[in-house]
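Please read the structure below before turning to the comments.
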Number of protein chains: 2
Amino acid sequence: MIEQLKPRLDVHNSEMPVLCQACEARHRGICGVLTPSQLVTLSKHTTKQVVSPEQQIAFEGETTKRFANILHGVVKLSKLTADGRQQIVGLQFAPDFMGRPFSKENDYAVEAATEVRLCSFPRSTLEQLTTESPELEHRLHQQTLKELGEAREWMLTLGRKSASERVASFLHFIAMHINPEVSHTHGSQQFEIPLKRSDIADFLGLTIETVSRQFTRMRQAGVIKISNNRTIEIPDMAKLAALTETNIQD
Amino acid sequence: MIEQLKPRLDVHNSEMPVLCQACEARHRGICGVLTPSQLVTLSKHTTKQVVSPEQQIAFEGETTKRFANILHGVVKLSKLTADGRQQIVGLQFAPDFMGRPFSKENDYAVEAATEVRLCSFPRSTLEQLTTESPELEHRLHQQTLKELGEAREWMLTLGRKSASERVASFLHFIAMHINPEVSHTHGSQQFEIPLKRSDIADFLGLTIETVSRQFTRMRQAGVIKISNNRTIEIPDMAKLAALTETNIQD
DNA sequence: CGTAAAATTTGATCCGGATCAACCATCATC
DNA sequence: GATGATGGTTGATCCGGATCAAATTTTACG
């Protein structure tokens, strides 16, 4: 059902300030405002981390000591039952803020789904900044609301949709996040799926076999084209969108 | 699959300020701070509303014009597919804040699950208060984070748990919220289930028949005692908690 | 390149929960 | 008491997706 947890990537011991790759031109040695949608304005003692896929960033249940901005890549949040069944409960994309502020416990595992570049900083920095700037908390609140909306949308998917609808919903979700500027109701799109089949299965509450069969079916139906298992082309987004709430069998 | 939506309860037209039942002794004619866990400090133009079960408070997709504090009762948040499948994506208990601030759209239906007393106020009041007080936004953010945590916990339930585990998880969830001060890992508890079977099914992503069968099974196994379909006694919470992640068949 | 490990696909069978159907209990209204 | 309406339980059958198994493709690396 799940792959065993990999050794933890210790971002906590990397206190040496480094040049933030995303903003070095403007803030030498300090990681500052990166983009208009960047959430946190960082000050000193920031670090950049490169983590490989599957490397664990924080264990479920552990106290959050550091936070980070995602500069590049996709991060998955997942929960486990005692006997090892896994459910991915969220995906985060650049430039999301990562970590649960104000809560002492992470109640899910955080892992890199693809190669990820992070701009990391300690809890104290965040707490100091939020007390100084109400605007910062407002932005964090906005992201939390967005994540809550996505989590609830996904509850509908997990609770009431068939396998074919779940896979269509997944592709629609990924398309929106990988190509946010493009219409997700018309036209064509192309992107790399940032997850392997077992991650998709854990996100959709299905098995890898069922996910694979649904991909095959959608490919045969002409809804998607796949190359290299990861590269997806969707000729007609409207057709895909329709499939997110239409049950297809055999 | 679902019951048809009932006529909307128009809280918007009830602008007449009334005595807030929860705090009249301290703030005559104004709904003020109600309890230590009360989220919003209200000023003028507040109203009190009594809504009956199943009355619709706000439609999915509609712009949120008013917000409210829940003074008593249980409110359910639900989403629908185009063809009418329903999923309850959240339950709110007193003294939760109700409504999505800062987002122009409610993307789910809000209904009273039991009789509910609300302390309602317009969007403008909330926006004014949040700009004046960073502390208020912090409290709202806290609640949003709590709801996000619950939504993600429920994603695990919907995606990876069996019917028996889902029903046990549901009872555990309700027990925690109805009797928050009591241990939910030891001892006994008793409470009224605030939902009917069809609501439970829509919360758990199951059918009413499956929910009913699981209740019967748990009653026969001595994990619960039921009277009047709604009154539940749980002799041993530890046993219930164990069942939330242990699959039981026949 | 060759070989092993990992990831994905495909096939056959099984089973948990959905579906369809009947029945029972409670309550409101005449 | 009769009559629905609403909510809940129980039984029989069916099917979508899980499970078990094996083949195939892709990736990693000497």
Side-chain angles (χ1 to χ4, degrees), chain A residues 1-4 6 52-54 83-87 113-115 157-168 170 192-220 224 226-232 246-250, chain B residues 1-4 6 52-54 83-87 113-114 157-168 170 192-202 204-220 224 226-232 246-250:
Chain A
M1 174 72 68
I2 64 158
E3 47 271 0
Q4 204 44 247
K6 299 288 173 49
S52 301
E54 302 309 324
D83 60 349
R85 285 168 283 170
Q86 183 165 17
Q87 176 67 44
T114 64
E115 181 162 290
T157 300
L158 293 174
R160 292 304 189 194
K161 291 190 185 176
S162 69
S164 67
E165 292 170 314
R166 293 187 200 197
V167 172
F170 169 74
E192 298 276 307
I193 302 177
L195 305 181
K196 56 185 175 185
R197 297 289 184 275
S198 62
D199 285 336
I200 299 173
D202 284 343
F203 193 31
L204 296 174
L206 300 170
T207 58
I208 54 175
E209 293 94 331
T210 298
V211 171
S212 177
R213 280 184 246 270
Q214 293 301 330
F215 269 102
T216 300
R217 190 163 295 170
M218 292 178 77
R219 184 161 38 75
Q220 288 168 347
I224 57 175
I226 311 183
S227 35
N228 303 332
N229 285 333
R230 292 281 194 133
T231 306
I232 289 268
T246 308
N247 191 8
I248 305 292
Q249 55 241 18
D250 274 313
Chain B
M1 175 71 69
I2 64 158
E3 47 270 2
Q4 204 42 248
K6 299 287 173 48
S52 301
E54 302 309 322
D83 60 349
R85 285 168 283 171
Q86 184 165 19
Q87 176 67 45
T114 65
T157 300
L158 293 172
R160 292 304 188 194
K161 291 190 185 177
S162 70
S164 67
E165 292 170 314
R166 293 187 201 198
V167 172
F170 169 74
E192 298 276 306
I193 301 177
L195 304 181
K196 57 186 176 185
R197 296 290 185 275
S198 62
D199 285 336
I200 299 173
D202 284 344
L204 296 175
L206 300 171
T207 60
I208 54 174
E209 294 93 331
T210 299
V211 171
S212 177
R213 280 183 245 270
Q214 293 301 330
F215 269 102
T216 301
R217 191 163 296 170
M218 291 178 78
R219 183 162 37 75
Q220 288 168 347
I224 57 174
I226 311 184
S227 35
N228 303 331
N229 285 333
R230 293 281 195 133
T231 307
I232 289 269
T246 308
N247 191 9
I248 305 293
Q249 54 242 17
D250 273 311

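Residue numbers begin at 1 in each chain, while the letters A, B, ... track the order of the sequences.
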Identify the pairs formed between an N or O of the protein and an N or O of nucleotides 26-29 of chain D at a distance under 3.5 Å, and give each distance.
none

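Within 3.5 Å, a donor on the side chain of A/Arg213 pairs with an acceptor on the base of C/dG11, or the reverse. Residue A/Arg197 places no side-chain atom within donor-acceptor reach of the base of C/dT10, judged by atom type and a 3.5 Å distance cut-off alone.
At a threshold of 4.5 Å between non-hydrogen side-chain atoms, the residues B/Ile200 and B/Asp202 do not count as touching. Looking at A/Gln87 and B/Lys161, their side chains never come closer than 4.5 Å, going by heavy atoms from C-beta outward. Looking at heavy atoms from C-beta onward, B/Ile193 lies in side-chain contact with B/Phe170 at the 4.5 angstrom threshold. Side-chain contact between B/Phe215 and B/Ile232 is present, with at least one heavy-atom pair separated by less than 4.5 Å.
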Given the rule that a pair is Watson-Crick or G-U wobble with both distances under 3.5 Å, how would you write DNA chain C in dot-bracket, using | for pairs to a different strand? ||||||||||||||||||||||||||||||
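Separating the CD1 atom of B/Ile208 from the P atom of D/dG11 is a distance of 16 Å, rounded to the nearest angstrom. Atom pair A/Lys161:NZ and D/dG16:P shows a separation of 19 Å (rounding to whole Å applied). Whole-Å rounding puts the B/Arg217 CZ to C/dG16 P distance at 10 Å. Note: CD (B/Gln214) to C1' (D/dT9) measures 14 Å, nearest angstrom. At whole-Å resolution of the value, CD in B/Glu209 and C1' in C/dA22 are 12 Å apart. Atom C1' of nucleotide C/dT26 and atom CZ of B/Arg230 are separated by 13 Å, given to the nearest angstrom. Rounding to whole angstrom units, CD1 of residue A/Ile248 and P of D/dG17 are separated by 12 Å. Protein atom CD1 of B/Ile226 is 15 Å distant from nucleotide atom C1' of D/dT10, rounded to whole Å.
When the options B/Arg213, B/Gln214, B/Arg217 are evaluated for a side chain to side chain contact (heavy atoms under 4.5 Å, CB included) with B/Val167, the one that passes is B/Gln214.
If A/Thr207 and B/Arg219 are placed on DNA chain D by their nearest nucleotide, the residue sitting closer to the 5' end is B/Arg219.
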Salt bridge (Lys or Arg N to Asp or Glu O under 4.0 Å) assessment of B/Arg197 paired with B/Glu209: CA-CA 9 Å; B/Arg197 296 290 185 275; B/Glu209 294 93 331; over 6 Å; no
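Listed candidates were C/dA18, D/dT9, C/dA7. Nearest to the side chain of A/Lys196 is C/dA7. Checked against D/dT10, C/dG17, C/dT8, the side chain of B/Thr210 finds its nearest nucleotide in C/dG17.
A/Thr231 places no side-chain N or O within 3.5 Å of a backbone atom of A/Glu192 that could act as its donor or acceptor partner. Under a 3.5 Å cut-off, the side chain of A/Arg166 and the backbone N or O of A/Leu204 do form a donor-acceptor pair. Formation of a donor-acceptor pair under 3.5 Å by the B/Ser212 side chain with backbone atoms of B/Ile208 is not found in this model.
Between B/Ser198 and D/dG7, a side-chain N or O to OP1/OP2 separation shorter than 4.0 Å is absent.
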